[in-house]
Amino acid sequence: MSSAHKKSTYTTVFKALTAIFILSIALGADADAKGLFGSGKRKKRTQDVTPVATVDSTLTGNTLDAATRFLSVSQIETAIKNQPAGERFYLTLATSTTWRMQSPSLEIANPSALIYPAPGSLYTREQLQQIAATARTAGVELVPTLDLLIENQPFQRCFGHSIFSVEGMRLVRAALEDCVNTMHPERICLGRTTPDADERYRNFLNEIAGILGVKFIIFE
């Protein structure tokens, strides 16, 4: 075989391998997207996905911020019992600067860097279940509130990721799953909308709402 023929053959093989490599990257990226947002089949069933509920600040119901200032369980229960039956009660468990809802999934994700402000200054799963039970007995709809529409400092400090990144959204999903599994709410409030919560992030929230079977409340 002549040197020119060999060179031509090597060039053809190299081009073929390059094409295969590029195709594998594309397929890998598609698989990553499906892993985050659900299978292609699920995405097509948009009519079955519970939409994110967008409401304004005139929504009725009282709010208790138990994140900025740590409150005892008895204080929270007293506030709930003082609400008229049938009312919604928004209990803030996480702000952009403080995270107080125990999340086993987040603890597993990074055991060495706690997301909570200090030992003993969080609400355990058992305490949150007790609070939820108190609300049900009082006939009050308890709406856990987690500020997840603005950059979350505890997330960045603990995991090194923005909540709007791919890795951050996986962690957000895990935290929301923990909230649902612990308190079994009908609705979760995600706080007030910000420019950071773009269309991609809102689509992600729509997917999670459908998967978890809850409605997300967003204040405009």
Side-chain angles (χ1 to χ4, degrees), residues 34-39 42 45 48-53 61 63-67 70-73 76-77 80 88-96 98-117 119-149 152 154-155 158-159 161 163-164 166-191 197 201-218:
K34 288 181 179 178
L36 175 62
F37 294 105
S39 67
R42 179 182 289 136
R45 293 170 55 245
D48 296 332
V49 175
T50 303
V52 172
T63 299
L64 180 63
D65 185 352
F70 186 62
L71 304 174
S72 69
V73 172
I76 297 173
E77 289 181 312
I80 291 173
R88 286 182 187 167
F89 186 78
Y90 294 83
L91 180 63
T92 303
L93 298 171
T95 66
S96 61
T98 309
W99 188 282
R100 295 196 191 272
M101 182 193 77
Q102 184 178 22
S103 174
S105 299
L106 298 184
E107 293 172 8
I108 292 171
N110 191 348
S112 61
L114 291 178
I115 192 171
Y116 318 117
S121 63
L122 74 153
Y123 301 103
T124 65
R125 294 188 68 222
E126 292 74 20
Q127 289 173 324
L128 293 172
Q129 288 168 351
Q130 178 181 334
I131 292 168
T134 298
R136 285 192 293 271
T137 301
V140 173
E141 182 187 350
L142 183 64
V143 182
T145 300
L146 309 172
D147 282 344
L148 292 173
L149 300 172
N152 192 279
F155 260 78
C158 185
F159 304 108
H161 299 295
I163 64 171
F164 303 108
V166 172
E167 281 299 324
M169 285 191 283
R170 291 194 180 104
L171 294 167
V172 166
R173 171 176 174 166
L176 290 170
E177 286 178 342
D178 284 344
C179 181
V180 170
N181 291 335
T182 299
M183 305 181 75
H184 306 288
E186 181 181 344
R187 297 173 178 83
I188 298 175
C189 181
L190 301 180
Y201 190 73
R202 287 194 177 226
N203 288 339
F204 157 74
L205 292 176
N206 272 321
E207 284 285 332
I208 300 306
I211 292 169
L212 298 181
V214 297
K215 291 183 179 179
F216 294 143
I217 293 175
I218 296 174

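Since we're looking at a predicted model, the values are computed, not measured.
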Trainee: For Y116, which residues count as a ring-ring contact (aromatic ring centres under 6.0 Å, His included) partner, sequence neighbours excluded?
Mentor: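 Y116: no ring-ring contact (aromatic ring centres under 6.0 Å, His included) contacts found.
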Trainee: Have a look at W99 and tell me which of Y123, F70, F155 forms a ring pair (Phe, Tyr, Trp, His ring centres under 6.0 Å) with it.
Mentor: F155
Trainee: State the CG-CG distance between D147 and L190, to the nearest 0.5 angstrom.
Mentor: 9.0 Å
Trainee: Taking all non-hydrogen atoms of both residues into account, name the closest pair between P144 and M183 and its distance.
Mentor: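 That would be CG-SD, 3.8 Å.
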Trainee: Would you give the length of the straight line joining atom CD1 of I131 to atom OG1 of T182, rounded to the nearest 0.5 angstrom?
Mentor: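 I131 atom CD1 to T182 atom OG1 measures 11.5 Å (nearest 0.5 Å).
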Trainee: Just do the side-chain hydrogen bond (donor to acceptor under 3.5 Å, both in side chains) check on E77 and Q130 with the steps written out, would you?
Mentor: CA-CA 9 Å; E77 289 181 312; Q130 178 181 334; 3.1 Å; yes
Trainee: Over all heavy atoms of both residues, which pair between Q127 and L122 is shortest? Give the atoms and the distance, please.
Mentor: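 Nearest heavy atoms, Q127 then L122: OE1-O, 3.6 Å.
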Trainee: Quick one about D178 and S105 (side-chain donor to acceptor, distance below 3.5 Å, no hydrogens or angles considered), yes or no?
Mentor: yes
Trainee: Nearest heavy-atom pair of L142 and A135: which atoms, and what distance?
Mentor: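 That would be CB-CB, 3.8 Å.
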Trainee: How close do A175 and S103 get, counting heavy atoms only, and between which atoms?
Mentor: CA-OG, 3.9 Å
Trainee: With F89, which residues qualify under ring-ring contact (aromatic ring centres under 6.0 Å, His included), at least two apart?
Mentor: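 F89: no ring-ring contact (aromatic ring centres under 6.0 Å, His included) contacts found.
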Trainee: Any chance you could measure N181, atom CG, to L128, atom CG, to the nearest 0.5 Å?
Mentor: 12.5 Å
Trainee: Could you measure the distance from the CD1 atom of I208 to the CG atom of N203? Nearest 0.5 Å is fine.
Mentor: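 If I round to the nearest 0.5 Å, the distance is 11.5 Å.
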Trainee: Between NE2 of H184 and SG of C179, what distance do you get to the nearest 0.5 Å?
Mentor: 10.5 Å
Trainee: Pairs in or reaching into residues 129-142: which pass salt bridge (charged side-chain N to carboxylate O under 4.0 Å, His left out), with residues at least two apart or in two chains?
Mentor: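 Those involving residues 129-142 are R88-E141, E141-R187.
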Trainee: Can you tell me how far CD1 of I188 sits from CD1 of I218, rounded to the nearest 0.5 angstrom?
Mentor: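 Going from CD1 on I218 over to CD1 on I188, the span is 12.0 Å.
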Trainee: Ignoring hydrogens and angles, tell me if any N or O in the side chain of D65 forms a donor-acceptor pair with the backbone of L91 under 3.5 Å.
Mentor: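 It does not hold such a pair.
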Trainee: Restricting to non-hydrogen atoms, name the atom on V172 and the atom on I163 that form the minimum distance, rounded to 0.1 Å.
Mentor: CG2-CB, 3.8 Å
Trainee: How far apart are the closest heavy atoms of L149 and G191, and which atoms are they?
Mentor: CD1-O, 3.6 Å
